[in-house]
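Report on one structure; see the data block that follows.
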Amino acid sequence: MTTYAYFGPAGTFTEAATRSLPLGADDELVPLATVPHALAAVREGRADRAVVPIENSVEGGVPATLDDLASGTPLVILREVLVNVRFALLVRPGTTLADVRRIGTHPHGEAQCRRWLAEHVPQAAYVATSSTAAAAAALAAGTATYDAAISAPIAAQTYGLETLAEGVGDNPDGVTRFVLVSRPVPPPLPTGADRTTLVLSMRHDHPGALLQILDELAVRGVNLSRIESRPTGERLGDYLFSVDCDGHVDDANVGEALMGLRRVCADVRYLGSYPKAGQVPADRERAVADARFRDSAAWLARIRESGTA
Ligand SMILES: O=C(O)C(=O)Cc1ccccc1
């Protein structure tokens, strides 16, 4: 039996992401109110795995997740899943669009529905809630300070609310990437289409610090798919770089890039190598490049051992 803590309550997009994993019949799903609570449950051994959002196609990286994974007891990402997020405007039975004065939702929900809201409910103010489902739950319970919630369509059934409008997202193709997180374990085997997540801190602020990082990756042909600077939270002006790159820690070029980063950075936190979600064709050039890296390492070893290649 595996216990999955997910960013809840019931009816969040994170629950949908969790249910899209290959779950066993006796696996247990535990909703927790925030991303830090879900990750703490894994760190403290109350859950085996956590599922949390990490990036979406409108707002970019999810700060609560990036910041929590960047510090504290190390955790690793084992897998990612993509969810096409579609939003619905939910109300208590009887409320009409003209009645809606305040709308509750998660900040990422608001960001992804902004244009629709400006056009259809321009009179409504936005109230931030801890998740899209928490907005629906409080509305149904009568404890909300708002009269409509933007949530996943399924939250209407979960909480007994009425759907006033569906497809209220500005982009019907909006996608959120969720990650399955565990206490440190060896990575899943390379598939040829993998991603590696890292957090990099520089020794001190100096000219060209970011260029040094990019150099270590570029010179080994490692492609970056996301890079964000995040404040460390310690001193004004202290930043970390949160990075996703293509490839697996077992790939020769990624391994060499990691060693290079370890030399130039004050700290490199490895957050896992895992298969990319979606229809990603295996990169044939990667296999050729990997063979060249391994060949050159073997060549150097022969010279060191016997004085000749
Ligand atoms: O609040 C939720 O339902 C979540 O799972 C976080 C979220 C919010 C908006 C878009 C994608 C994920």
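Both counts, for ligands and for their atoms, begin at 1 and track the order of listing.
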Minimal heavy-atom distance between M202 and Q212, with the atoms involved, is CE-OE1, 3.7 Å
Sorted by chain and residue number, the side chain to side chain contact (heavy atoms under 4.5 Å, CB included) partners of I154 (sequence neighbours excluded) come out as A152, Q157, T158
(request) Consider ligand 1: state whether an atom of it lies below 4.0 angstrom from any non-hydrogen atom of N56. (result) no
A student checking ligand 1 against S131 at a 4.0 Å heavy-atom cut-off should list atoms 1 (O)
Answer yes when R49 and D27 have at least one side-chain N-carboxylate O distance shorter than 4.0 Å, and no when they do not.
-> no
min-distance protein heavy atom vs atom 10 (C) of ligand 1 -> Q112 NE2, 3.7 Å
Residues passing the side chain to side chain contact (heavy atoms under 4.5 Å, CB included) test with R294, sequence neighbours excluded, are A252, D290
The reported gap from OG1 in T65 to CZ in F7 (rounded to nearest 0.5 angstrom) is 8.0 Å
Exactly one candidate in L78, V76, L271, L69 meets side-chain contact (heavy atoms from CB on, under 4.5 Å) with V181; the answer is L69
Residue, atom and distance of the protein heavy atom nearest atom 6 (C) of ligand 1 read F7 CE2, 3.7 Å
Geometric N/O contact G11 with ligand 1, under 3.5 angstrom = no
The closest protein heavy-atom partner of atom 5 (O) of ligand 1 is T14 OG1, 2.6 Å
So CZ of F13 and NE2 of H108: to nearest 0.5 Å the spacing works out to 12.5 Å
Atom 8 (C) of ligand 1 has as its nearest protein heavy atom H106 ND1, 3.6 Å
min-distance protein heavy atom vs atom 7 (C) of ligand 1 -> F13 CD1, 4.2 Å
Original post:
Taking distance alone, with no angle check, do T12 and ligand 1 share an N/O pair under 3.5 Å?
Top reply: no
- prompt: Should T132 be counted as touching ligand 1, given the test is an N or O pair under 3.5 Å?
  reply: yes
for atom 11 (C) of ligand 1, nearest protein heavy atom and its distance come out as T176 OG1, 3.4 Å
Exercise for the section: Go through the side-chain N and O atoms of T197 and Y274 and say whether any donor and acceptor fall under 3.5 Å apart. Expected result: yes
